[in-house]
**Student:** 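This is the structure I have questions about; it appears just below.
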Amino acid sequence: MDPILDGLNQAQRTAVASPSPVLQVLAPPGSGKTKTLTARVAYLLSHHGFRPQDVICCTFTIKASREMRERLSRLIGEQVQSKLVLGTFHSICRRYLVAYGHLIGLRKGFGIADSNDSLAIIKRIVKRSRLNILPNTARSRISSQKAQGISWEEVAEKTKTQNVEQQEFVKVYRDYESALAASNLLDYDDLLLRCADLLRSHPQCVSNVQAVLVDEFQDTNRIQFELMNLLASCQRCITIVGDPDQSIYGFRSAEIKNLERMQRLYSNTSVVLLEDNYRSSGSILGSAEEVIQQDTSRPVKKLLPTHGVGTMPVLRKLPSAAAEAQWMVTEIKRCIALTGSLLKHSDFAVLLRSASLSRQIESEMGKQGVPYRMVGGSRFFDRVEIRLLLDYLRVISHPENNDALIRIINTPARKMGEETIKTLTTGAEKDKLPLWNYVKDVAQGRRSTQKNLSKAADVGLSGFVGLIESARRKLEECADASSPKILLEFIIKKLGFREYLGVTYPLDEENRWANVEELLAQAGDPSVEASQDDALADIDGLEQQQGHAGEEALSRFLANVALSTEVKTEENQAEEKVTISTIHAAKGLEWPVVFVAAVYEGIIPHSRAEDSDEERRLLYVAMTRAQALLYLSLPRRDSKNGEETRPSSFLPRTITETKFRQVGPKLHDQIIFDIAEILRRPRPSQEAMVEGLKGLPSIYDDMWNPDGDDDGPNKATRWDGSEAGQESWAKRRR
Ligand code: ATP
Ligand code: MG
């Protein structure tokens with residue numbers, strides 16, 4: 001048997017080995033779409049003789065691309081895998097722009113504006129022009145226009161009316177675009193748009209591409225769809241996998257219609273459906289199905305479990321958000337204890353509608369000493385101290401970055417107040433110079449400002465310019481991949497950064513310094529993503545832009561930072577931690593035990609959401625992340641306004657709280673048996689179980705004995721883990 005097809009079911013094998021060049025694999029969650037896509041990559045390489053550098057594979061998140069690399073390493077070997085063009089649409093587009101951006105007039109060494117940068121620029125514009133538009137609103141509107149490929153000129157064209165709001169928007173959009181250009185920055189949308197421009201005008205850049213594969217296709221937007229077609233324009237060999245029921249990015253202009261569009265565009269599209277679910281227990285699937293079937297406009301599809309019924313999902317209503325957090329964390333601890341060595345911290349995930357709900361849970365985890373990591377919330381790289389160091393690196397990497405420059409010019413303080421900075425920025429604008437060039441001229445006496453700077457400010461400015469210049473010389477000397485780490489160390493030393501942290505954050509110095517150390521470790525780690533940036537395949541007659549190795553390593557490091565959603569760095573990933581994540585960021589992933597918190601009206605569905613079907617799909621996605629145990633919960637009162645909550649109208653009727661109580665308890669060992677079966681793990685030994693039970697206040701309550709108000713042995717006695725004790729407990733329950 002071909003090892004690539006080994007471990008796949010018949011339908012999956014059909015898809016993997018399909019001779020059809022254009023293939024859609026459509027299937028519900030947990031049916032092995034990503035697994036199939038990964039195997040297809042391996043199959044194309046080994047059976048069709050494609051070179052890895054000629055195969056492009058797009059995943060939805062960086063985490064997903066990392067996982068796919070790991071799976072592929074096992075299937076086709078590390079060497080081959082590292083040559084694949086594999087990553088998110090954004091990171092793939094960046095690679096093409098780095099190599100060939102000069103063909104469309106992109107300046108060399110462009111930086112990437114992450115969403116914080118974008119917001120900062122917009123805030124500045126709004127403030128300076130005294131506009132009424134909310135920066136956040138403006139940002140998402142700009143992004144949605146860009147995702148549809150609509151430029152500010154086109155918006156202006158359409159809005160010739162006197163509508164003030166519209167005019168304000170056009171102004172922000174226009175100024176935003178010119179601010180990006182002035183700083184030689186591309187935002188997330190630009191990466192896609194400009195790459196599409198490039199491929200449209202220079203299709204030879206992708207003349208080598210043999211196949212394009214896309215995961216989570218249901219969440220591609222218009223421009224990503226076009227990119228997929230452009231990337232595949234030569235051989236028109238495309239495989240996509242997706243599930244319309246899991247489309248949750250409509251708010252970011254994703255278009256489910258892309259599935260039909262693709263079928264129209266490629267009349268030779270074959271469709272393979274997968275049905276068997278390998279992820280979740282039967283009862284979890286049943287409840288999830290109940291949720292998605294409330295949408296009667298969709299074709300009815302069955303979710304066919306390959307596992308047993310398992311333990312019923314649990315619904316809990318708790319007095320407050322704090323109590324809900326406390327219950328979840330206690331439950332996690334108890335699950336671990338009760339199942340002996342079967343479950344560990346990393347088997348648990350708490351999924352939330354929005355990152356802002358995480359505060360209570362994080363603080364409770366801290367209180368009870370449960371290790372956790374947060375995904376999809378505010379990122380590691382967004383912490384103040386990290387951001388500051390990164391801004392230094394960005395300015396060193398390309399000094400035209402005006403916004404980063406403004407942020408660091410007087411931090412740590414160099415006696416330049418707001419006035420001074422304003423004098424400098426207006427001066428630069430007037431002289432039509434990038435701020436850095438202007439500032440350098442002033443510091444070095446080649447240019448004078450309109451208003452004289454104070455003596456102290458003058459000294460401060462010279463010091464700053466000297467620092468950046470010496471760092472840039474250092475970068476020139478360092479012609480290899482170690483540049484990010486070397487420069488970070490240089491800056492930290494020159495700024496006296498540790499002391500700066502001590503003075504600025506006397507109560508929190510240790511923590512912040514630990515973060516800095518983490519950043520240093522990451523900068524020194526030629527991690528998986530770095531290998532993604534190996535040069536693209538050579539194409540005859542087409543020169544790739546070459547640069548200085550140290551500069552490239554630094555710019556690659558900064559791009560990885562900008563495109564990352566990680567909250568922690570690489571090394572911590574492997575540690576045993578509970579994951580707290582937004583539902584959006586949990587897409588495509590799975591955990592043995594999943595808690596979906598705050599399932600009430602106003603949160604799911606969200607009060608500001610426009611598309612209630614999408615909100616329902618969101619709950620569906622959340623529930624289908626669970627393999628063995630699923631908990632849904634809500635507080636009786638909303639923590640913000642104190643109002644009584646109503647359980648989400650999407651909640652499946654079969655798992656109302658009362659119904660669950662009537663279902664009655666399952667035997668402890670039956671539950672363990674179920675979990676072990678689903679996770680394909682060995683059952684823990686009696687000794688491990690007895691050990692785990694020590695120190696627990698009560699072994700059977702809540703899910704283990706939901707109707708614990710009778711005189712069950714959970715009150716009177718405590719099972720000691722022995723066979724005999726278990727038997728007697730079981731008898732009494734019957
Ligand atoms: P989602 O829609 O959530 O992204 P998916 O369809 O991509 O789900 P995968 O993540 O590929 O599903 O697979 C779900 C789980 O099922 C994984 O743990 C995978 O290893 C397992 N799995 C998939 N196919 C098989 C199979 N044929 N035999 C055993 N396990 C399988
Ligand atoms: Mg998947």
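Ligands are counted one by one from 1 in listed order, and the atoms in each one are counted from 1 as well. In what follows, every heavy atom counts, from backbone to side chain, and hydrogens, waters and symmetry copies are set aside.
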**Student:** What protein heavy atom is closest to atom 12 (O) of ligand 1, reported as residue, atom name and distance in Å?
**Tutor:**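 The answer is Gly32 N, 3.1 Å.
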**Student:** Using a 4.0 Å cutoff against the non-hydrogen atoms of Glu590, which atoms of ligand 1 qualify?
**Tutor:**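 Here the atoms of ligand 1 in question are 14 (C), 15 (C), 17 (C), 18 (O).
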**Student:** Give me the nearest non-hydrogen protein atom to atom 4 (O) of ligand 1 as residue plus atom name, then the distance to 0.1 Å.
**Tutor:** Gly588 CA, 3.4 Å
**Student:** Do Asp245 and Arg617 sit within salt-bridge range, that is, some charged N less than 4.0 Å from a carboxylate O?
**Tutor:** no
**Student:** CE/Met228 to CD1/Ile56 distance, rounded to the nearest 0.5 angstrom?
**Tutor:** 11.5 Å
**Student:** Got an N/O contact under 3.5 Å between Leu589 and ligand 1?
**Tutor:** no
**Student:** I need the contact type for Pro28 against ligand 1. Using non-hydrogen atoms and a strict under-4.0 Å cut-off, is it side chain, backbone, both or neither?
**Tutor:**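 Backbone only.
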**Student:** Determine, for Glu324 against Arg316, whether the closest basic-nitrogen to carboxylate-oxygen distance falls under 4.0 angstrom.
**Tutor:**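 A salt bridge is absent here (no side-chain N lies under 4.0 Å from a carboxylate O).
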**Student:** Taking only Lys NZ, Arg NE, NH1 and NH2, and the carboxylate oxygens of Asp or Glu, determine whether Arg334 and Glu331 approach each other closer than 4.0 Å.
**Tutor:**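 Glu331 and Arg334: salt-bridged.
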**Student:** Considering the heavy atoms of Asn9, write down every atom of ligand 1 situated less than 4.0 Å from one of them.
**Tutor:** 27 (N)
**Student:** Glu216 heavy atoms, cut-off 4.0 Å: which ligand 1 atoms fall inside?
**Tutor:**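 It comes down to these atoms of ligand 1: 4 (O).
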**Student:** Would you mind checking which non-hydrogen protein atom is closest to atom 24 (N) of ligand 1, with the distance to 0.1 Å?
**Tutor:** Gln12 NE2, 3.0 Å
**Student:** When you compare the side chains of Glu601 and Ser649, does any donor N or O come within less than 3.5 Å of an acceptor on the partner?
**Tutor:** yes
**Student:** Among Lys35, Arg279, Arg625, Arg13, which one puts a heavy atom closest to atom 23 (C) of ligand 1?
**Tutor:** Lys35
**Student:** First locate atom CG of Leu75, then atom CE of Met68, and finally report the distance between them rounded to the nearest 0.5 Å.
**Tutor:** 11.0 Å
**Student:** Suppose I only count heavy atoms of Gly7 and a 4.0 Å limit; which atoms of ligand 1 are within that range?
**Tutor:**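 In order of number, 26 (C), 27 (N), 28 (N).
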**Student:** So that I can tick it off, tell me whether Glu590 and Arg625 are bridged by a salt bridge, with the cut-off set at under 4.0 angstrom between side-chain N and carboxylate O.
**Tutor:**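 Here Arg625 does not pair with Glu590 in a salt bridge, since their nearest N and O are not under 4.0 Å apart.
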**Student:** Give the residue and atom name of whichever protein heavy atom lies nearest to atom 21 (C) of ligand 1, and the separation in Å to one decimal.
**Tutor:**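 Ranked first by proximity to atom 21 (C) of ligand 1 is Tyr278 CB, 3.7 Å.
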**Student:** Regarding ligand 1, does Leu8 bring an N or O atom to under 3.5 Å of one of the ligand's N or O atoms?
**Tutor:** no
**Student:** Would you please determine whether Gly30 falls within less than 4.0 Å of ligand 1 on a heavy-atom basis?
**Tutor:**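 True for this residue.
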**Student:** In the protein, what heavy atom is nearest to atom 7 (O) of ligand 1, and what distance, to one decimal place, separates them?
**Tutor:**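 Sorting protein heavy atoms by distance from atom 7 (O) of ligand 1 puts Thr34 OG1, 2.8 Å first.
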**Student:** Salt bridge check, Asp187 against Lys146: does any charged N sit closer than 4.0 Å to a carboxylate O?
**Tutor:** yes
**Student:** How does Arg680 reach ligand 1, by side chain, by backbone, by both or by neither, if only non-hydrogen atoms under 4.0 Å count?
**Tutor:** side chain
**Student:** Considering only protein heavy atoms, which is closest to atom 5 (P) of ligand 1, and at what distance to one decimal place?
**Tutor:** Lys33 N, 3.4 Å
**Student:** For the ring pair Phe348 and Tyr372, is the centre-to-centre distance below 6.0 Å?
**Tutor:**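 Ring centres of Tyr372 and Phe348 not closer than 6.0 Å.
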**Student:** Give me the ring orientation class for Tyr188 and His90: parallel if the planes are under 30° apart, tilted from 30 to 60°, perpendicular past 60°.
**Tutor:**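 It falls in the tilted class, 30° to 60°.
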**Student:** Which atoms of ligand 1 are found less than 4.0 Å from any heavy atom of Gln246?
**Tutor:** 2 (O), 3 (O)
**Student:** Classify the ring geometry of His47 against Tyr43: parallel below 30°, tilted from 30° to 60°, perpendicular beyond 60°.
**Tutor:** parallel
**Student:** Using a 4.0 Å heavy-atom cut-off, which part of Lys587 comes near ligand 1: side chain, backbone, both, or neither?
**Tutor:**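 For Lys587, there is no contact with ligand 1 at all, from either part.
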